[in-house]
Amino acid sequence: MTTTGEDQVTARGGPLWWVRWRSALLDIGLATVSSLECAVEGVPFARDAGVPVAVGLVFGLLAGSVLLVRRRWPIAVVLMAIAITPAQMGFLMCVVGLYTLSASELPRRIIASLAGMSLVGTLIVTFVRVQQSMARGEWTLGDWFVPFAAIATSLGVTAPPVLLGLYVGARRRLMESLRERADSLERELQLLAERAEERAEWARNEERTRIAREMHDVVAHRVSLMVVHAAALQAVARKDPEKAVKNAALVGDMGRQALTELREMLGVLRSGEAARREQVRPVPSAPLAAVGAAAAAAASRAADDEGGAEGPCLSELEELVGQSAAAGMVVDLSVEGDARSYAPEVEQTAYRVVQEALTNVHKHAAGAKTYVRLAHRVSEIAMQVENEPPPEVSSASSARLPSGGNGLVGMKERVAALGGVFVSGPTDAGGFRVSAVIPAS
């Protein structure tokens with residue numbers, strides 16, 4: 001089937017090869033008019049040929065009806081129009097056939113060949129007919145009129161439908177190309193929206209993980225120390241009132257510090273949420289392509305909040321060790337190399353690793369002697385927390401601190417996020433060791 005540039009639709013609503021009923025009715029009407037024209041023109045043709053008039057009528061009706069298949073076989077319509085040109089029949093068929101042929105998707109060489117054949121045929125027939133009329137004395141014009149009439153008639157019949165068909169065909173192809181580009185852009189926008197949703201979901205999951213890690217680091221250590229002090233307070237309340245008062249003061253200090261850190265972290269989360277709502281508010285009225293940028297901003301904002309928020313630093317490490325010592329733990333802190341400042345996220349991660357390791361000692365090895373080692377190297381910082389096996393009976397064993405098993409996972413995630421190495425596991429002596437190495441930049 002040869003296409004003619006008709007608008008392509010997914011569902012065919014017309015009969016046979018027609019796409020729509022409107023196209024079918026138009027072709028039926030054109031074929032009817034062409035048949036009547038050829039039938040009328042068949043009468044003088046039958047008389048000139050010496051055949052019955054009825055034969056000329058039937059031949060004209062059949063020849064004109066070929067226009068019905070112009071959309072499916074435009075070449076057949078043009079060939080039929082060329083074939084009946086000597087009989088001076090099929091003017092409408094020739095015009096409509098050339099237009100349909102030129103507007104189709106056929107190669108240009110075929111269109112040019114058929115249009116040239118029609119032009120030459122019309123030129124010859126017109127030249128002969130005009131010359132015969134001049135010879136019979138019907139026209140008294142000069143000899144120049146014969147070629148002029150032949151050329152003008154052939155060009156007038158052939159050129160306008162061919163040029164119009166080429167223009168309409170090019171316009172239809174352009175519209176089809178624009179439609180395909182619009183569909184492609186719509187698919188791309190949909191894909192961008194899906195990717196933006198995925199990135200937004202990834203950003204939300206990353207933020208949930210970060211919040212959970214921060215909450216664990218802030219709460220677990222402070223509350224663990226509070227529980228240890230509370231257990232010690234319960235043990236010495238009657239025997240040593242002064243020590244009980246000291247432990248109670250320490251519990252209060254730990255609680256206030258935990259509340260302060262929680263308020264600071266929640267303040268950062270609230271400010272981040274307000275900024276997020278402010279940025280997301282105009283998105284519904286913006287193009288879908290801006291959704292990807294909003295998701296990327298959310299992801300980068302989550303990473304910035306994690307690294308840029310104010311947090312503990314290595315200068316507070318001695319205070320951290322002192323808090324554990326005050327809770328009854330025997331802690332030995334050693335520092336190698338020259339202390340220097342690091343990026344905030346590096347110092348915060350190093351602090352949290354030591355903090356979580358000491359918390360685990362309080363939970364699982366209360367009373368065990370612990371060694372904290374910190375090494376400042378040329379391009380990295382290393383830390384290690386190792387505890388000896390816990391004694392059989394400890395004063396804090398009755399604390400029964402709960403454990404969710406997320407501490408080591410959180411430490412490993414923090415260190416890996418900075419490109420470092422994290423190793424943890426039991427020692428040969430029965431204790432436990434946590435080691436981490438973090439790049440300095």
Novice: Below 4.5 Å, heavy atoms only, C-beta onward: do I438 and E380 meet side chain to side chain?
Specialist: no
Novice: Between E198 and R195, is a salt bridge (Lys or Arg N to Asp or Glu O under 4.0 Å) present by the stated rule, with each step listed?
Specialist: CA-CA 5 Å; E198 292 177 357; R195 290 181 178 176; over 6 Å; no
Novice: Might you confirm whether atom CZ of R204 has over 12 heavy atoms from other residues, nucleotides or ligands at distances under 6.0 Å?
Specialist: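 Yes.
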Novice: For the side-chain contact (heavy atoms from CB on, under 4.5 Å) test, which of V120, V125, L119, T126 pairs with S154?
Specialist: L119
Novice: We want to know whether T100 and R70 form a side-chain donor-acceptor pair, criterion being a heavy-atom distance below 3.5 angstrom.
Specialist: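 Present: a donor and an acceptor within the cut-off.
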Novice: Short question: side chain of Q384, backbone of R373 - any donor-acceptor pair under 3.5 Å?
Specialist: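 No; zero donor-acceptor contacts below 3.5 Å.
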Novice: Please report the shortest heavy-atom distance between E316 and Y351, naming the atom on each side.
Specialist: O-CE1, 3.7 Å
Novice: Is it true that a side-chain atom of S424 and a backbone atom of V434 form a donor plus acceptor pair closer than 3.5 Å?
Specialist: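 Side chain of S424 to backbone of V434, a donor-acceptor pair under 3.5 Å: no, none is there.
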Novice: Could you tell me whether the side chain of M383 reaches within less than 4.5 Å of the side chain of V372, counting heavy atoms only?
Specialist: no
Novice: Using only atom types and a distance under 3.5 Å, with no angle test, would you say the side chain of S65 pairs donor to acceptor with the backbone of L62?
Specialist: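 Checking the backbone N and O of L62 against the side chain of S65, a donor-acceptor pair under 3.5 Å is found.
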Novice: Evaluate R187 against Q190 for side-chain hydrogen bond (donor to acceptor under 3.5 Å, both in side chains), listing each step before the verdict.
Specialist: CA-CA 5 Å; R187 288 192 296 269; Q190 184 177 3; over 6 Å; no
Novice: Quick one: does any side-chain atom of E37 pair with a main-chain N or O of L92 as donor and acceptor, under 3.5 Å?
Specialist: yes
Novice: May I ask you to decide whether R414 forms a salt bridge with E345, counting only side-chain N to carboxylate O separations under 4.0 Å?
Specialist: no
